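Below is one structure; the comments refer to it alone.
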Number of protein chains: 2
Amino acid sequence: MADRECPLSRTLDAVGEWWTLLLLHDCFDGFTRFDQFEANLGISSGMLTKRLKTLVDNGILERRQYSERPPRFEYVLTDTGRSLRPVIVALAAWGNAQLPRRERSMILVDARTGREVEPVVVDRRTGKPLDDPDAYVFAAGPAASEAFRTRYDALAAKRKAAR
Amino acid sequence: MADRECPLSRTLDAVGEWWTLLLLHDCFDGFTRFDQFEANLGISSGMLTKRLKTLVDNGILERRQYSERPPRFEYVLTDTGRSLRPVIVALAAWGNAQLPRRERSMILVDARTGREVEPVVVDRRTGKPLDDPDAYVFAAGPAASEAFRTRYDALAAKRKAAR
DNA sequence: CAGTATCCTGTCCGATACTG
DNA sequence: CAGTATCGGACAGGATACTG
């Protein structure tokens with residue numbers, strides 16, 4: 001839907017549907033089987049089938065047979081799937097911190113110490129948090145369309161003028 | 001929908017609909033007005049109205065009158081809205097890195113140097129990346145329900161047994 | 001310019017029932 | 001256990017037309 005160019009759109013197409021992140025959260029906790037997802041989430045079986053399928057199609061989960069007779073399947077995270085975990089963690093942390101009802105029902109902890117962790121997004125090279133909108137800005141990438149490039153050229157010029 | 005307890009569910013209720021993140025991305029780039037959003041995104045006016053309303057209702061945008069006659073309004077990010085930016089950036093970066101079509105059309109850069117930035121989610125205290133699923137785990141928070149607590153107690157016991 | 005109102009199609013999603 | 005099939009209601013979302 002809409003423009004497939006923006007990386008956000010593509011991300012949303014892959015994991016943006018309502019149940020998908022909840023489902024992945026279950027995967028991150030180590031669950032792999034249809035009935036586990038069904039019980040944990042309270043999702044209907046039809047929807048679950050559909051969501052699992054798009055996740056598999058997008059290379060985020062892998063469907064694997066773990067028993068011959070009877071035939072049994074499980075869904076395991078791929079590397080791509082695992083790489084999504086920190087992002088989902090950041091999303092949940094934002095919900096915990098910013099959305100009303102401050103009591104937190106789920107948190108992230110250090111597995112060894114049990115100490116609570118506060119996720120923050122930083123620049124890998126400098127380690128600096130990305131929360132300053134003036135310090136870090138979006139820009140047209142190598143494969144940007146003309147429209148995208150025009151937009152970001154204009155914004156850059158505007159910022160320059162503001163200084 | 002589903003269980004409102006999980007912070008992920010609440011996050012999704014606030015910003016999980018299809019257009020919402022795209023719309024916020026426009027806000028982060030400095031756009032504030034109805035017609036700008038409409039033109040940039042290609043969203044229908046009815047849907048735009050609806051999305052803006054839920055964003056305002058959730059305290060992420062603020063509707064502000066900037067002209068008396070004729071009456072004109074603009075939508076500006078609240079602090080809560082701005083705090084969502086790093087997370088969206090991380091989401092877009094994941095899409096850039098992991099989803100097919102590797103050519104990137106939009107990237108994040110350092111505004112001063114123009115150098116590309118690689119967003120990564122870390123623990124604020126230690127600065128360590130959260131990408132090791134064994135080092136950082138979810139746990140029941142102070143306000144967790146019995147079901148939640150049972151789940152995470154069981155998982156913790158399992159991890160202990162595995163060692 | 002900044003929406004509102006209406007209509008239409010497609011999809012989300014739960015409920016229920018069925019299968020090997 | 002791991003789904004498939006079908007139903008039906010609610011909502012997403014575009015298109016179009018209208019308003020001050």
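Computed from heavy atoms alone, side chains included, the values below leave out hydrogens, waters and symmetry copies. Quick caveat: nothing in here was measured; it's all calculated off a predicted structure. Throughout, a chain's letter reflects where its sequence line sits, starting with A, and its residues are numbered from 1.
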To the nearest angstrom, the CZ-P distance between A:Phe37 and D:dC1 comes to 14 Å
Name all stems that contain residues of DNA chain C, defined as runs of 3 or more consecutive Watson-Crick or G-U wobble pairs, both distances under 3.5 Å. C:1-20 with D:1-20
Spacing of B:Met47 atom CE relative to D:dG14 atom C1', expressed in whole Å: 9 Å
Taken in chain and number order and not counting sequence neighbours, the residues that satisfy side-chain hydrogen bond (donor to acceptor under 3.5 Å, both in side chains) with B:Thr80 are A:Gln98
Apart from B:Val120 itself, what residues make up its hydrophobic cluster when side-chain heavy atoms of I, L, V, M, F, W and Y under 4.5 Å apart count as a link, directly or indirectly? A:Val120, A:Val122, B:Val122
Tell me which residues in residues 26-36 of chain A put a heavy atom below 4.0 Å from DNA chain D, sorted by number, or none. A:Arg33, A:Phe34, A:Asp35
Which pairs count as salt bridge (charged side-chain N to carboxylate O under 4.0 Å, His left out) when at least one residue sits in residues 126-144 of chain A, sequence neighbours excluded? none
Would you tell me if any nitrogen or oxygen in the side chain of B:Thr49 comes within less than 4.0 Å of OP1 or OP2 on C:dG3? no
Taking only N/O atoms, report every protein-nucleotides 6-11 of chain C pair under 3.5 Å with atom names and distance.
none

Who passes ring pair (Phe, Tyr, Trp, His ring centres under 6.0 Å) against A:Phe34, sequence neighbours left out? none
Listed once per pair and sorted, the ring pair (Phe, Tyr, Trp, His ring centres under 6.0 Å) pairs that draw on residues 108-138 of chain A, sequence neighbours left out: A:Phe138-B:His25
Considering only Ile, Leu, Val, Met, Phe, Trp and Tyr, and joining two whenever side-chain heavy atoms are under 4.5 Å apart, list the other residues clustered with B:Phe73. none
Take the protein atom CD1 of B:Ile43 and the nucleotide atom C1' of D:dA12, then report the distance between them rounded to whole Å. 10 Å
Mind calculating the distance between CG (B:Leu22) and P (D:dG13) to the nearest angstrom? 10 Å
Report the hydrophobic cluster partners of B:Val109, with the cluster defined as I, L, V, M, F, W, Y residues connected by side-chain heavy atoms closer than 4.5 angstrom, directly or transitively. A:Val137, B:Ile107
Near DNA chain D, under 4.0 Å by heavy atom, which residues of residues 63-77 of chain A? A:Arg63, A:Tyr66, A:Arg72, A:Phe73, A:Tyr75
Which salt bridge (charged side-chain N to carboxylate O under 4.0 Å, His left out) pairs, counting each pair once, include a residue from residues 19-32 of chain B, with sequence neighbours left out? A:Arg151-B:Asp26, A:Arg151-B:Asp29
